[in-house]
Number of protein chains: 2
Amino acid sequence: MSVQERKERERAVRERLIVATARELAEQQGWDAVTTRRLAERIEYSQPVLYSHFRGKREIIGAVALEGAVEMAAALRAATSAADGPRARVTALARAYLDFAARNPAVYDAMFQLDGGLAFAQEDTPEPLKDGFAALLESLGEVAGDGVHPALFTEVFWAALHGLATLSRAGRLPPEDAERRVELLVDRLAVL
Amino acid sequence: MSVQERKERERAVRERLIVATARELAEQQGWDAVTTRRLAERIEYSQPVLYSHFRGKREIIGAVALEGAVEMAAALRAATSAADGPRARVTALARAYLDFAARNPAVYDAMFQLDGGLAFAQEDTPEPLKDGFAALLESLGEVAGDGVHPALFTEVFWAALHGLATLSRAGRLPPEDAERRVELLVDRLAVL
DNA sequence: GACCCGATCCTAGCACCGCTAGACAATCGA
DNA sequence: TCGATTGTCTAGCGGTGCTAGGATCGGGTC
């Protein structure tokens, strides 16, 4: 069985290589530049090899999205755990979220702008996505206010962050006031 | 000069036909289905005719976006003018915004998700886009609260609405709580 | 050690995309 | 009526995601 195990290991390595290369290429030149031909060339295999790992380009985007969700959840938890008190935690959370989106635009797109074929807000939602929402919920639930369901509050706060992230990056909001928008959002939405 | 005028008129009619057809096709089958070939076939001209009106597909998307901006501004003003008092106005505005996004997903995408080659938040931003923001500002400025710049408040509120609109439509938020999210957003963000 | 067979990979090609060069036809002004 | 100009079309370029089918390589068996 050792031979088969070795092959499976090598396959897993190659699959990670595909996802990492897709992500790298997307961050460098945008998702439009991530074509199956270029991706195949970069991993030094032919195009059809990609399709032995993924059903298509969409699934590759989905794999990058899941990887990103894990990282984002970790980044949010790291930021909030270093903050004292609800207010500081929420502010840190908001900054960390927008910072992640700004620093990893391609990954953020894979998660929330592109179609990676992933289910959201459902039972069959992949675990990393659920955990990403859970990371938001942990800090936001405590400032939802009386009589407001923590999950509902988290959805609204998340939507606001998502709007700021996407509109900012698309140049639809003036960049200079970014910090003041965050402060306003936290001050108004969170019950402290 | 009459001949030339007639030709110009006919050209203008055809240009409107292109934009209207692109919009229709996008609403029916999504923007992916709006290819230059299909569009040309629908208007019963050959592909190159499109390029005598627009530089490329991007500009066609931009034209649909501008058309949408005019309609959205009108829809927002109609909704707010029928409401009494700041609170009712802001609620009506939020509902009208989300309603427009839900009813015209392809137009909304052209405006805010796709690249239509339009400038935002700059001096050379096309008038319809500026006016769309102005329509938001008219109702939101009066609930910004003391010491908060109306434009900044409008940006934050708009971002929140945009986040709700996009996440809802992508199936990333449970659809059943849509109304409660709007109420929460208005209650918290607006100073009444 | 030789052979067979199955897994693995690549070449080549499909139908489609956005976009454009150049041929052709229709229309206008002289 | 003729030449020039304007307008439109056919055909084709290089690219896309994806796949069928042949070649090759390696492991298991005699």
With distance as the sole test, does [X] use its side chain to make a donor-acceptor pair with the main-chain N or O of [Y] at under 3.5 Å?
| X | Y | result |
| --- | --- | --- |
| A/K130 | A/D124 | no |
| B/S168 | B/A165 | no |
| A/S139 | A/V90 | no |
| A/E27 | A/A106 | yes |
| A/N104 | A/F100 | yes |

Using whole Å, report how far [atom1] of [X] lies from [atom2] of [N].
| X | N | atom1 | atom2 | value |
| --- | --- | --- | --- | --- |
| B/L50 | D/dG7 | CG | C1' | 15 Å |
| B/L25 | C/dC17 | CG | C1' | 14 Å |
| A/Y51 | D/dT16 | OH | P | 11 Å |
| B/E10 | C/dA26 | CD | P | 16 Å |
| A/D32 | D/dG17 | CG | C1' | 14 Å |
| A/I61 | D/dT16 | CD1 | C1' | 13 Å |
| B/F54 | C/dC19 | CZ | C1' | 16 Å |
| A/L39 | D/dG15 | CG | P | 17 Å |

Which pairs, protein N/O on one side and nucleotides 4-7 of chain C N/O on the other, fall under 3.5 Å?
none

From C-beta outward on B/T36, which listed nucleotide comes closest to its side chain: C/dC9, D/dG17, C/dG18?
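Looking only at heavy atoms from C-beta outward on B/T36, the closest nucleotide is C/dG18.
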Close N/O contacts between protein and nucleotides 9-12 of chain D (under 3.5 Å):
from	atom 1	to	atom 2	distance (Å)
D/dC9	OP2	B/S46	N	2.9
D/dC9	OP2	B/S46	OG	2.8

So B/E138 and B/R77, do their side chains get closer than 4.5 Å, heavy atoms only?
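Sidechains of B/E138 and B/R77: in contact.
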Counting the atoms with a prime plus P, OP1 and OP2 as sugar-phosphate, which does [X] contact under 4.0 Å by heavy atoms, base, sugar-phosphate, or nothing?
| X | value |
| --- | --- |
| A/R14 | sugar-phosphate |
| A/R38 | sugar-phosphate |
| A/R58 | nothing |

Is it true that B/E71 and B/R23 make a salt bridge, defined as a side-chain N closer than 4.0 Å to a carboxylate O?
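Salt bridge between B/E71 and B/R23, a charged N being under 4.0 Å from a carboxylate O: yes.
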Taking salt bridge (charged side-chain N to carboxylate O under 4.0 Å, His left out) as the test, write out the residues that go with A/R37, two or more places apart.
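So A/R37 forms no salt bridge (charged side-chain N to carboxylate O under 4.0 Å, His left out) with any residue.
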Take the angle between the ring planes of B/H162 and B/W158 and call it parallel below 30°, perpendicular above 60°, tilted in between.
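Tilted.
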Whichever of A/T35 and A/R55 has its nearest DNA chain D nucleotide further upstream toward 5':
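Its nucleotide being nearer the 5' end, the pick is A/T35.
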